[in-house]
Amino acid sequence: MKAMLLAAGYGERMLPITRVVPKPLIPVLGRPLAPQILSRLATEGIDEAVINLHHLPQPLRDAFGDGAAFGLSALHFSLEEERLLGTGGGLAHAAAHLTGAGTILVRNSDFLADIPLAMAIASHIRSGCPATLVLARHRAGYTTVAIDDRHRVVGFGGKTDGHHLFTGYHLIEESVLDLIPRDAPSDIVRDVYFGLAADGRLNAHVHDGFWWEFGDPRGYLLGSMRVVALPAEQRVRLGDFDVVREVGGAIAAVGAGADLGAPGVAFAGTLAIGMGVMVGEGATLEDTVVMPDAWVGPGSTLRRCIVGPGTEIPLGFSASDALLAA
């Protein structure tokens, strides 16, 4: 079975971090998102994957290599060189790499989930539909998706009485690729799934487990805190993260080589402190993520903050509810 990981976007909501780090490589609890995703897919039986590229393509190529490190037998890159092609256009552009092995898994690269692929495939096959959307219970800020008692999608947003959201995890048959407009940017939901839903041919598989999108600062911070707080047996189903332990009254994921032993430091709430981070004397961290190789200056206070990789927080600096990056 083949999979497509959508990874070409600019990640504008996570600026300024995404000026230098592609969004699929932003670390969650010390580990970049997309490599975690590929490793999980390989363990579930995906042997070949395609990744579309546009923004900062070389760091992504360097991080993924030939896919062997993640357990894949083949990894292909689909470069959208001139412009972003969207979720539909990206699939159409990569079609030559995706056909020939039946059902295709399509997945965004900015979320973590414990969606069992085998259960999603079983639902897809039972439905007889050309596409299946994996849905989760609706949350504020997301477009609603309405389904009927046969688990067919019947509407998106607007006035629909929807109680779910689309996770960005979907299964399609090769015939769906033929429905996507060619040689132009397109949105697969608007340009393909709206029509399939109107015809009663869009299946829904509802996932009741963990699903969290890390696409904006608030979602990233809350999601990191949630993953830290998960029971260890549930967290390991999502990926291989920095070790979680108690640190000075806080619960924290702590990366290798992090220096947290300076006098007078105070930790509270839930933290994610990446590899090689240094926290200076008298600093205070509460409900905060500090990405790898950052430096938190002496006497600084950070509450509900995200500190980008390699960022230096000055002596005595204070911030709340902020994304701080070099």
Please report the interatomic distance OG1(T87) to CG(D191), rounded to the nearest 0.5 Å.
8.0 Å

Got a second to check how far T103's OG1 is from I172's CD1, nearest 0.5 Å?
9.5 Å

Given F156 and F194, is the ring-ring contact (aromatic ring centres under 6.0 Å, His included) satisfied, shown in steps?
CA-CA 8 Å; F156 296 87; F194 278 15; 5.2 Å; yes

Report whether V154 and I147 are members of the same hydrophobic cluster (ILVMFWY, side-chain heavy atoms less than 4.5 Å apart, transitive linking).
no

For side chain to side chain contact (heavy atoms under 4.5 Å, CB included), just list the numbers for L6 and S109, CA-CA rounded to whole Å, side-chain angles, deciding distance to a tenth of an Å, and then say yes or no.
CA-CA 6 Å; L6 299 170; S109 60; 5.6 Å; no

If you take the centroid of each ring, where Trp contributes its six-membered ring, are Y142 and W211 closer together than 6.0 Å?
yes

Answer yes or no: is there a side-chain heavy-atom contact under 4.5 Å between V247 and L271?
no

Is the number of heavy atoms from other residues, nucleotides or ligands under 6.0 Å of M278 CE greater than 12?
no

Please name all residues satisfying ring-ring contact (aromatic ring centres under 6.0 Å, His included) with H93, sequence neighbours left out, ordered by chain then number.
none

Is it the case that atom CZ in R218 sees more than 12 heavy atoms from other parts of the structure closer than 6.0 Å?
no

Less than 3.5 Å apart, any donor N or O on the side chain of E48 or S73 sitting next to an acceptor on the other?
no

Please tell me whether L98 and Y169 are part of a single hydrophobic cluster in this structure, the criterion being side-chain heavy atoms less than 4.5 Å apart.
no

Is any side-chain heavy atom of D187 closer than 4.5 Å to a side-chain heavy atom of V192?
no

Please step through side chain to side chain contact (heavy atoms under 4.5 Å, CB included) for the pair L177 and I104, ending with a clear verdict.
CA-CA 10 Å; L177 298 174; I104 302 160; 4.1 Å; yes

Can you hop from V20 to F64 via hydrophobic side chains spaced under 4.5 Å?
yes

Taken in chain and number order and not counting sequence neighbours, the residues that satisfy ring-ring contact (aromatic ring centres under 6.0 Å, His included) with F210 are none

What's the separation between atom OG1 in T301 and atom CD1 in I313, rounded to the nearest 0.5 Å?
11.5 Å

Same cluster or not: W295 versus V290, using hydrophobic residues (I, L, V, M, F, W, Y) connected whenever any side-chain heavy atoms lie under 4.5 Å apart?
no

Salt bridge present between E44 and R40 (N-O < 4.0 angstrom)
yes

Set out, in order, the CA-CA distance, both residues' side-chain angles and the distance that settles side chain to side chain contact (heavy atoms under 4.5 Å, CB included) for L60 and F77, then state yes or no.
CA-CA 10 Å; L60 288 164; F77 296 104; 5.5 Å; no

To the closest 0.5 Å, what do you measure between OG (S127) and NE2 (H205)?
11.5 Å

Look at the rings of H97 and H76 and say which category their plane angle falls in: under 30° parallel, 30 to 60° tilted, over 60° perpendicular.
parallel

May I ask you to test the V279-D259 pair for a side-chain heavy-atom distance under 4.5 Å?
no

Under the ring pair (Phe, Tyr, Trp, His ring centres under 6.0 Å) rule, what pairs show up with a residue in residues 238-264, not counting sequence neighbours?
none

N/O donor to acceptor pairs below 3.5 angstrom from side-chain atoms of residues 23-36, sequence neighbours left out:
unit_1, atom_1, unit_2, atom_2, d
K23, NZ, D110, OD2, 3.2
R31, NE, D240, O, 3.2
R31, NH1, D242, OD1, 2.4
Q36, OE1, D240, N, 3.2
Q36, NE2, D240, O, 2.9

For H170, what residues pass the ring-ring contact (aromatic ring centres under 6.0 Å, His included) criterion, not counting sequence neighbours?
F166, Y193

For the atom pair NE2 (H138) and NE2 (H163), what is the distance rounded to the nearest 0.5 Å?
10.5 Å

Side chains of residues 49-58: which donor-acceptor partners sit under 3.5 Å, not counting sequence neighbours?
unit_1, atom_1, unit_2, atom_2, d
N52, OD1, A7, N, 2.7
N52, ND2, E80, OE2, 2.9
H54, ND1, E80, O, 2.5
H54, NE2, Y10, OH, 2.9
H55, NE2, T18, O, 2.8
Q58, NE2, D62, OD1, 2.9

